[in-house]
Structures are given as structure tokens and as C-alpha cells.
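Here is the naming used below: chain letters follow the sequence lines, and residue numbers restart at 1 for every chain.
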There are 2 protein chains.
Amino acid sequence: MGERSRASTIADVAAHAGVSQASVSRVLNGKQSVDPVIVHRVQASIAALGYSPSPAARSLVHGRNDTIAMVVPDLENPLFQGILKGLSLAAASDGYRVLVADTAERVDDEESTAVEARQRCDALVLCAPRMPEQRLRRLVSRVAPVVVVNRPLPDADVPIVGVDYVRGIRDLVDHLHALGHRSIAYVTGPVSSASNAERLRGVAEATGAHPDVRVDVVPGGSRLDDGYAAADAVLAARDAGATAVIAFNDLVALGLMTRLRELGVDVPGDLSIAGFDDVPMAGFATPRLTSMSVPRGEIGAQVWARLRTLIAGGPIEHTVLFRPRLEARESTGPVR
Amino acid sequence: MGERSRASTIADVAAHAGVSQASVSRVLNGKQSVDPVIVHRVQASIAALGYSPSPAARSLVHGRNDTIAMVVPDLENPLFQGILKGLSLAAASDGYRVLVADTAERVDDEESTAVEARQRCDALVLCAPRMPEQRLRRLVSRVAPVVVVNRPLPDADVPIVGVDYVRGIRDLVDHLHALGHRSIAYVTGPVSSASNAERLRGVAEATGAHPDVRVDVVPGGSRLDDGYAAADAVLAARDAGATAVIAFNDLVALGLMTRLRELGVDVPGDLSIAGFDDVPMAGFATPRLTSMSVPRGEIGAQVWARLRTLIAGGPIEHTVLFRPRLEARESTGPVR
DNA sequence: CTGTTAGCGCGTTCAA
DNA sequence: TTGAACGCGCTAACAG
């Protein structure tokens with residue numbers, strides 16, 4: 001194989017067309033008017049040489065590269081996937097690309113990863129549910145423009161797009177309460193997770209609103225195996241009177257249901273179970289899982305909308321929280 | 001708010017330290033030896049100014065930007081997620097980032113998306129299961145260095161990393177055959193998908209090896225709903241004698257099982273069902289789904305390994321196909 | 001070991 | 001309307 005032929009530059013085109021680089025640049029960007037004859041000639045040369053402008057050079061001149069970065073703790077989480085997909089599609093429709101940085105749950109790397117990613121991109125989307133709040137605040141001020149996803153950050157100069165977990169849990173407790181449940185077990189998410197803290201606040205508010213309801217907290221996690229492993233603790237709670245379970249998310253709920261089935265526990269006969277996020281699988285589980293639906297793609301789209309105005313020099317728009325919607329299915333039933 | 005202060009440049013650092021830009025550059029890259037005194041002074045200035053080099057300028061001068069792009073048809077597919085995650089982690093360990101481009105199943109956009117992504121990145125990973133082969137061949141030659149994922153492309157100058165679907169299906173048929181099944185229904189994937197074609201080849205080879213086995217093909221898809229919707233056709237096949245089902249992938253299998261359960265069909269009592277990919281949920285389904293396990297993360301890592309040697313000017317390494325491993329679970333049982 | 005110079009490819013003044 | 005010249009920020013070649 002011969003040497004890889006160097007891609008043609010704007011200078012090549014200019015020479016080929018017998019005009020100046022400036023003219024080529026002008027027909028390329030169409031910002032100024034140029035003689036139709038030149039336009040035509042330049043276009044011909046561009047086609048002939050198969051020229052396409054260098055994004056790197058453009059970036060250097062413009063100081064931006066039409067790319068944003070999204071930092072996530074785990075790409076395998078259906079929630080982040082959905083958000084990423086929505087973000088990617090929305091950004092693409094405005095000519096922006098998305099760089100993803102998976103921190104592989106290593107909280108200590110999140111900061112440097114974010115800063116590094118931000119340097120090569122025009123803006124940042126931060127999903128860092130476990131980063132200590134103070135550190136996050138510092139980080140956010142360093143990497144603006146940035147949007148924070150799925151965690152509260154009071155009085156910070158940053159747009160936030162997220163889910164109203166507090167309200168979601170309350171609505172879910174209402175649902176269970178209406179079914180007659182008075183003793184509920186909550187299987188937690190990762191202990192340091194902000195969205196878990198939010199859910200716990202929801203639990204607190206719910207018990208405040210329903211003094212006749214008590215909620216026991218059981219340690220869990222965020223994945224299928226975590227739910228599976230939480231079964232024993234859940235059964236202990238049941239023996240202590242619990243008739244229903246709220247899991248941190250659907251994966252935990254699904255894993256839990258699997259183990260309960262193995263143990264011969266009937267759902268919802270012996271125990272009602274509800275999840276959160278309404279992942280695609282929820283509606284296909286056995287029994288179909290009751291869950292709080294979260295508009296993943298729409299979250300991504302909203303994130304982009306906010307980032308876009310930020311990039312354009314616009315204001316920091318208000319926090320937007322989506323209220324989860326109850327999807328009542330088979331896994332929750334009346335207490336008996 | 002005042003004006004956003006412009007980030008400091010290498011010139012600022014040079015001035016602050018009272019040395020030339022070249023010296024700053026040298027201490028930055030550590031390629032040449034520099035007087036310790038200067039090193040120290042420059043580092044101090046860098047810290048004082050909070051300087052960090054511009055990736056754009058570096059890209060322009062080096063002709064690369066330490067970023068690769070991955071083009072996928074659907075970010076929500078667990079298979080691509082796993083590959084993306086493995087790729088992202090492996091690339092990150094070598095200082096490379098990953099840009100993702102979701103073509104949202106729009107086959108017609110794949111080509112331009114890929115070319116566009118390639119221009120801003122040093123290399124490309126192509127997941128385009130439905131792109132017509134000839135178009136893919138042309139594309140591949142345009143965007144090198146590139147690695148193609150999960151589809152054969154005989155005699156093309158491109159490394160391929162994928163799954164041996166043919167062998168996987170054969171092994172799966174062997175499994176069912178050993179259980180006594182002689183009439184099997186195969187629920188297809190997307191018609192134009194390359195990996196579906198591979199599976200069909202596997203079916204053909206399997207029936208060749210087992211003349212006593214017959215396989216009926218039933219139209220399906222790639223997602224949960226597709227499997228759900230295929231139930232009627234599958235039942236028709238059962239009425240025609242089929243005792244087992246192989247689904248295009250786990251999602252289809254899971255969707256199918258859900259519908260069958262609604263219809264009162266016992267799995268595996270009335271019908272054995274097997275999927276493909278071994279997604280995390282497979283082992284948690286009811287009943288636990290028999291599947292062919294595919295090393296998603298490892299595929300991503302292998303893709304990176306090949307891309308890396310390509311970027312370094314190395315040879316086009318040989319195709320590597322992972323042989324799926326049977327995960328026999330509850331959803332397949334002996335014919336009765 | 002250090003500073004000066006010359007690009008990398010493009011956009012954008014500024015005159016003509 | 002066009003072209004020449006400069007600068008974006010950095011690295012590499014060349015002197016000193």
C-alpha cells in the first residue's frame with residue numbers, strides 16, 4: 001500500500017479554483033455574497049478534490065466544537081441510557097454530538113473525568129448521584145456551562161433537570177395505602193446516592209401524611225442482584241408485619257421478585273411489590289411490575305434545551321422536575 | 001455577572017514565567033530535557049494561572065484528537081450498551097474518549113453520520129447491522145481506520161469483531177435436540193439485519209446436521225413488544241407440532257414468554273423457549289431464560305484493541321468471533 | 001538547554 | 001465583491 005494521501009485543505013481548493021482562500025471560505029459558510037461564477041467554480045473544485053473542512057481548525061478559530069459531554073456513573077443503567085439517547089437525539093437535531101464518559105462507579109474519578117471532558121467540549125451534562133454535595137458545587141462552577149441531572153443542588157448557579165422522587169414515592173405510598181397496606185418495606189438504593197436520599201424524604205413525607213402507615217427501611221442497591229440479595233431482609237420485614245415493598249428501582253424490584261418466587265412467596269398475594277423508573281421490562285415481568293414511570297428520553301431532551309440556551313449565552317433556566325406517573329400493574333394488590 | 005474571563009494560553013504562561021512558549025511546551029510534554037529551574041518556574045506559573053492546554057490547538061497540530069466514534073442503530077439495545085461500555089473503558093485506559101452517534105434506526109442516515117463522526121475523530125466503530133453490504137463496503141473504505149462490529153464482510157480490508165451466531169444457533173439447537181425436541185420455531189429478528197441472517201444460516205446448518213429436526217420460521221423483531229406480538233404465530237407453529245422456540249434475542253424471548261403466560265401456555269411444560277445474548281434480565285425471568293451468552297464488554301475491549309493497532313499504523317488484524325456459551329436455565333426442558 | 005521561527009487549516013478583519 | 005494578511009493555541013525544526 002502507498003502512503004495515505006493527505007486530505008485536501010482549503011488552500012488546495014483555492015488553488016484548484018484559482019481564487020483566494022477567503023473566497024472559498026465565504027462560499028463554504030455562505031455568510032457573505034460572492035460572485036455566482038466563483039461560487040460555481042469553487043463548488044466544482046470542492047467536489048473534484050473531495051474536500052471537507054477540518055473540524056479541528058474550525059474549533060481553534062471559533063473556540064467551540066459543537067460537541068457536548070455527558071458523564072455517567074454506569075452506562076448499563078437503563079435510566080442513564082434513556083437519558084443519553086434522548087440527549088443525543090435532541091443535540092443531533094441542532095448539529096451537536098455527544099461524548100460519553102463512563103466513570104465506572106468510581107466516584108473519585110468523576111471530578112477529573114468531568115473537567116477533562118469539558119475541556120474538549122462546549123458544555124457538560126453531569127450525572128453524579130454519589131458525589132458529595134460540596135465537591136459537586138465546586139465542580140459545577142468550574143465546568144460551566146453545565147446541566148446537572150437527577151439531584152437537587154439548592155441555590156447553585158446551574159440548571160437542573162430531574163425527577164421528583166419525593167412526590168413519586170408519596171404517590172406510590174398513596175397507591176399502596178389505598179390498597180390497604182399499612183406496613184411497608186423500602187429497599188434502599190446505594191447509600192450515598194442523592195436520588196436514594198430523595199426517595200427517603202418521600203418516605204418520610206408519606207408517613208407524615210399517613211400516620212397510620214409505617215415504613216421499614218431495608219438495605220438494597222441499584223441492580224438486579226442487589227434486589228435478589230435483599231430478599232431475606234425483606235422477608236424479615238414481612239414477618240414483622242410488612243405487606244408491601246417499595247424498591248429503589250425496577251431492577252431491584254425485579255431481582256427481588258425473582259428470589260421471592262424461588263422461595264415460594266406469592267406476589268402480590270403474600271406481598272405487594274413496586275419499583276421505580278418503569279423500565280421496558282417492568283411491564284413484561286411476572287407478575288407485571290407496578291412502577292413509577294419516568295420520561296427518560298424527555299429528560300434528555302430537556303437537558304439539551306437548557307444546555308443549548310446556556311451555550312447561546314442565555315440565562316440559567318429554572319429547575320425542572322418531572323413528576324413520575326403511577327403504572328399500577330399486577331405486582332401490587334389489596335392487602336388481605 | 002461580568003464577562004467570562006478568557007482561559008489562559010501557553011503565551012500567558014510563558015510571559016508569566018519569563019520564558020519562551022517552546023520551553024513551556026517542553027515542560028508540558030516532557031519530551032525534551034529542560035533546566036530544573038525553568039521547569040519549576042513554569043509549573044508554578046501554570047498553577048498560578050490555572051492554565052491547561054487547548055485540545056483544539058493540539059488536535060490541529062497533531063492531526064488527531066484522541067477520540068474515537070461509535071455509530072449504533074439503537075442505544076437502548078442492551079447488546080450495544082455493553083459493547084459501548086467495554087469500548088469506552090478500554091479506550092479510556094489508553095487516554096481515548098468515545099463519541100457516540102445513535103442513528104435511531106434510520107439506515108439512510110448511517111452513512112452520513114458515520115462520515116461526519118469520522119471527520120472529528122481518529123477512528124470509527126461501526127455497528128450497522130442493516131446497512132446493505134455493498135454500501136457498507138464503500139463506507140468502510142472511506143472511513144478507515146475503522147472496525148466493524150457483529151457482521152461478516154468477506155475479503156474487506158477491515159477488522160471485524162463479532163459473535164459466531166451460526167455456531168451459537170447450532171449449539172442451541174443441539175441443546176434442544178438433546179432434550180428431545182424435533183420441531184422448533186425460530187422467531188426472526190429484523191428482516192434486513194445481518195445478525196439475523198447469520199442466525200438463519202445457523203438454523204440451516206443445524207437442520208443439516210440433524211436431519212430429524214425441522215425448524216419453522218416465524219417473523220419477529222428485536223424488542224420486547226416484537227416478542228409479545230409474535231405469540232400468535234408461535235402458537236400456530238406449536239399447533240403444527242413445534243415443541244420449542246428459539247427467539248432472535250432475549251428481549252424477543254422475554255416478550256414472548258410474557259404473552260404466553262397470559263395465554264396460559266406453560267413454559268417449558270407446553271413449550272420450551274430460548275433466547276440469545278444472555279442479557280442481565282435473562283437469569284431473572286420467570287421462568288429463568290435459557291440463552292446463549294455473549295461477552296458484550298469483551299467485544300468492546302477487542303474492538304478497541306484492533307482500533308488501537310490500526311491507529312498506530314499497524315496491520316488489519318484478523319476477524320475475531322466469540323463463541324456464545326449456552327446458559328441452560330428453566331425455560332427449556334425435555335419434550336414430553 | 002533555550003529561544004526564534006514556521007507552520008497546522010481555517011475565519012476574518014482590512015484594503016483595494 | 002475580492003484577496004492579502006493576520007491570528008486562533010500549540011508543537012516541531014532549527015539555530016544559538
Side-chain angles (χ1 to χ4, degrees), chain A residues 3-46 49-67 95 116 118-122, chain B residues 3-46 49-67 95 116 118-122:
Chain A
E3 30 226 82
R4 224 172 269 178
S5 63
R6 183 184 53 81
S8 55
T9 76
I10 198 173
D12 300 329
V13 177
H16 182 104
V19 298
S20 72
Q21 299 190 15
S23 291
V24 177
S25 177
R26 284 190 270 258
V27 323
L28 239 41
N29 310 336
K31 286 295 177 187
Q32 291 180 46
S33 58
V34 290
D35 187 292
V37 182
I38 300 235
V39 173
H40 198 74
R41 233 175 0 171
V42 168
Q43 285 172 337
S45 299
I46 289 179
L49 300 180
Y51 165 80
S52 83
S54 149
R58 270 195 142 108
S59 296
L60 183 56
V61 165
H62 285 135
R64 59 186 174 72
N65 59 4
D66 300 333
T67 302
E116 209 272 342
R118 170 63 181 85
Q119 282 173 350
R120 352 179 58 85
C121 297
D122 303 340
Chain B
E3 30 226 84
R4 224 171 268 178
S5 63
R6 183 185 52 81
S8 55
T9 77
I10 196 173
D12 301 329
V13 177
H16 183 103
V19 298
S20 73
Q21 298 190 14
S23 290
V24 178
S25 177
R26 283 191 271 258
V27 326
L28 238 43
N29 309 335
K31 286 294 177 187
Q32 290 179 46
S33 56
V34 206
D35 186 294
V37 182
I38 299 227
V39 173
H40 198 73
R41 231 172 5 166
V42 167
Q43 285 172 337
S45 300
I46 288 180
L49 301 180
Y51 164 79
S52 84
S54 150
R58 272 196 142 111
S59 297
L60 182 57
V61 75
H62 282 138
R64 58 184 173 74
N65 59 4
D66 300 332
T67 302
E116 211 272 342
R118 171 63 180 85
Q119 281 173 349
R120 355 178 55 86
C121 297
D122 304 338

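A donor-acceptor pair is defined here as one N or O able to donate and one able to accept, closer than 3.5 Å; such a pair exists between the side chain of A/Asn65 and the backbone of A/Arg120. In this structure, A/Ser25 contributes its side chain and A/Gln21 its backbone to no donor-acceptor pair below 3.5 Å. Listed for the B/Arg58 side chain is no donor-acceptor partner under 3.5 Å among the backbone atoms of B/Val61. In terms of modelled atom types and a separation under 3.5 Å, the side chain of A/Asn29 and the main chain of A/Arg26 share no donor-acceptor contact.
In this structure, the CZ atom of A/Arg64 is 17 Å from the C1' atom of D/dG9, given to the nearest Å. Straight-line distance from the CG atom of A/Asp12 to the C1' atom of C/dC10: 13 Å, rounded to whole Å. Rounded to a whole Å, the CZ atom of B/Arg58 is 18 Å from the P atom of D/dC8. Across the protein-nucleic acid pair, A/Gln32 atom CD and C/dC14 atom C1' stand 12 Å apart, rounded to whole Å. What separates CG of A/Asn29 from C1' of C/dC10 is a distance of 9 Å, to the nearest Å. The distance from atom CZ of B/Arg6 to atom P of D/dG7 is 14 Å, rounded to the nearest whole Å. Between the P atom of C/dC1 and the NZ atom of B/Lys31 lies a distance of 16 Å, rounded to the nearest Å. With rounding to whole Å, B/Asp66 atom CG is found 15 Å from D/dC10 atom P.
Map B/Gln21 and A/Ala22 each onto its nearest nucleotide of DNA chain C; the residue landing nearer the 5' end is B/Gln21. Mapped onto DNA chain C by nearest heavy atom, B/Pro36 and B/Leu60 fall at different nucleotides, with B/Pro36 at the one closer to the 5' end.
A/Val19 comes within contact range of the sugar-phosphate backbone alone, with a heavy-atom separation under 4.0 Å but no base atom that close. Base engagement by A/Ser25 is indicated by at least one non-hydrogen atom pair under 4.0 Å involving a base atom. A/Val34 comes within 4.0 angstrom of the backbone, heavy atoms only, and of no base.
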Determine whether B/Val42 and B/Ile46 satisfy the following criterion, side chain to side chain contact (heavy atoms under 4.5 Å, CB included), listing intermediate values before the conclusion. CA-CA 6 Å; B/Val42 167; B/Ile46 288 180; 3.9 Å; yes
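The side chain of B/Thr9 lies closest to D/dG9, out of C/dC10, D/dG9, C/dG3. Which of C/dT12, D/dG3, C/dT2 sits closest to the side chain of B/Asp35 comes down to C/dT2. For A/Val61, counting side-chain heavy atoms from C-beta on, the closest listed nucleotide (C/dG9, C/dT2, C/dT13) is C/dG9. With D/dC10, C/dT4, D/dT11 as the choices, the nucleotide that has an atom nearest any side-chain atom of B/Ser54 turns out to be D/dC10. Listed nucleotides: D/dT1, D/dG3, C/dC10. Nearest to the side chain of A/Pro53: C/dC10.
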